[in-house]
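Structure first, then comments.
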Amino acid sequence: NYEEYGVDKHDWDWSENEFKECVRLLNKFYKDTKFHQFYLSNRSFYNSIEREFQELVDQIDTAWFRDFFGMSYKMDNIWLVPANGVHNFAISRKDVAGNKYNNCAIASLFTNAAGEVIFSEGTFQTLIHEICHNYTSPICQQNEAFFKEICDTLYNTKVGKVLRANAYGDPGAFTYEGINRLCEFYYYQTHNTFDSVELDRRIHNDETKGFIWLE
């Protein structure tokens, strides 16, 4: 519901009309394809995804988010979206009463030859990354004006081309995605998720994507 939640404000590439048109087409697709019937007929498959994914969720150190961000861990919905390719995202919203909801959608799901869902080490990292966004994005938004000049400068003179090549088409991504990665990597460091060599490799890999100050 655009009017109630202003969802488009979470994505500066979308106008109100574009958002409404997307919702209209999505609803049309849902009805035309009888998607609910499809979902029910494949309920066992979706249930198996949820069971397997719950094992990853249970590994999250929720206390770390409270200690690091100074806010209690809160994740209202984790949506598993096998049909969304490799696209994952986080979105927090407030309802008309001012209640805030933290959510994320995970689409990096793969199946083997037998049609069984496969969750990899990368799936857990994606989960941590998207959960962090619910904490870092509001912080970045509050300080957007402070970072704007340096983001614009670096984007236009240093990293804009490589960021665009990695689907980050706005200078703000340097802050929103960069700071989120910084927190994500700190989670890995404090939990010994990777040894120092592998962590350095991953930091360097993200620096080559345009987040040049991570190290």
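Reckoned from all heavy atoms, side chains included, excluding hydrogens, waters and symmetry mates. We number each residue from 1, following the sequence as shown.
Side-chain contact, E144 with Y176: a donor N or O sits under 3.5 Å from an acceptor N or O.
Taking CD of E21 as the start and CG of L25 as the end, the distance is 4.5 Å to the nearest 0.5 Å. Interatomic distance, CD1 of I131 versus CE of M75, reported as 4.5 Å (0.5 Å rounding). For the atom pair CD1 (I179) and OG (S137), the distance works out to 10.0 Å, reported to the nearest 0.5 Å.
Judged by the 6.0 Å and 45° rule, R66 forms no cation-pi pair with Y73. A cation-pi arrangement, defined by a distance under 6.0 Å to the six-membered ring centre and an angle within 45 degrees of its axis, is present between R202 and F194.
By the criterion of side-chain heavy atoms lying less than 4.5 angstrom apart, applied directly or through intervening Ile, Leu, Val, Met, Phe, Trp or Tyr residues, L26 is not grouped with F38; the two fall into different hydrophobic clusters. Under the 4.5 Å side-chain heavy-atom criterion for ILVMFWY residues, a single connected hydrophobic cluster contains both L40 and Y46.
Considering only heavy atoms from C-beta on, K158 stays 4.5 Å or farther from F174 through its side chain. Proximity of L182 to L214: side-chain heavy atoms (C-beta onward) are separated by under 4.5 Å at one or more points. Here the side chains of V162 and T208 are not in contact, with every heavy-atom distance at 4.5 Å or above.
Within the 3.5 Å criterion, the main-chain N or O of K74 finds a donor-acceptor partner in the side chain of N102. Remark: side-chain polar atoms of N42 are not paired, donor with acceptor, to backbone N or O of F45 under 3.5 angstrom. With hydrogens and angles ignored, the 3.5 Å screen pairs a side-chain donor or acceptor of N156 with a backbone N or O of D152. For K209 (side chain) and A165 (main-chain N/O), no donor-acceptor pair under 3.5 Å exists by modelled atom type. Between the side chain of D170 and the main chain of G172, a donor-acceptor pair closer than 3.5 Å is present. A donor-acceptor distance shorter than 3.5 angstrom exists from the side chain of Y187 to the backbone of D61, with no hydrogens or angles considered. Checking side-chain atoms of D95 against main-chain N and O of G98 turns up a donor-acceptor pair under 3.5 Å. With E130 contributing its side chain and A90 its backbone, the two residues share a donor-acceptor pair below 3.5 Å. Remark: the backbone N or O of I203 is not paired with any side-chain donor or acceptor of E215 at under 3.5 angstrom. With hydrogens and angles ignored, the 3.5 Å screen pairs a side-chain donor or acceptor of N180 with a backbone N or O of H129.
Taking the six-membered ring where the residue is Trp, F185 and Y188 present perpendicular rings, their angle passing 60° and hence far from 30°. Relative ring orientation between Y30 and H36 is described as tilted, the plane-to-plane angle lying within the 30° to 60° band. The aromatic rings of F68 and W64 lie parallel to each other, their planes meeting at an angle below 30°, with 60° marking the opposite boundary.
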Practice task
Could you walk me through whether Y168 and F211 pass the ring pair (Phe, Tyr, Trp, His ring centres under 6.0 Å) test, one step at a time?
Solution key: CA-CA 11 Å; Y168 298 115; F211 304 107; 5.7 Å; yes

Practice task
Verify side-chain contact (heavy atoms from CB on, under 4.5 Å) between V57 and L127, making sure each step is shown before the conclusion.
Solution key: CA-CA 8 Å; V57 173; L127 180 60; 4.3 Å; yes

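Aromatic ring centres of F69 and Y135: separated by under 6.0 Å.
With salt bridges taken as basic N to acidic carboxylate O contacts below 4.0 Å, none links R181 and E184.
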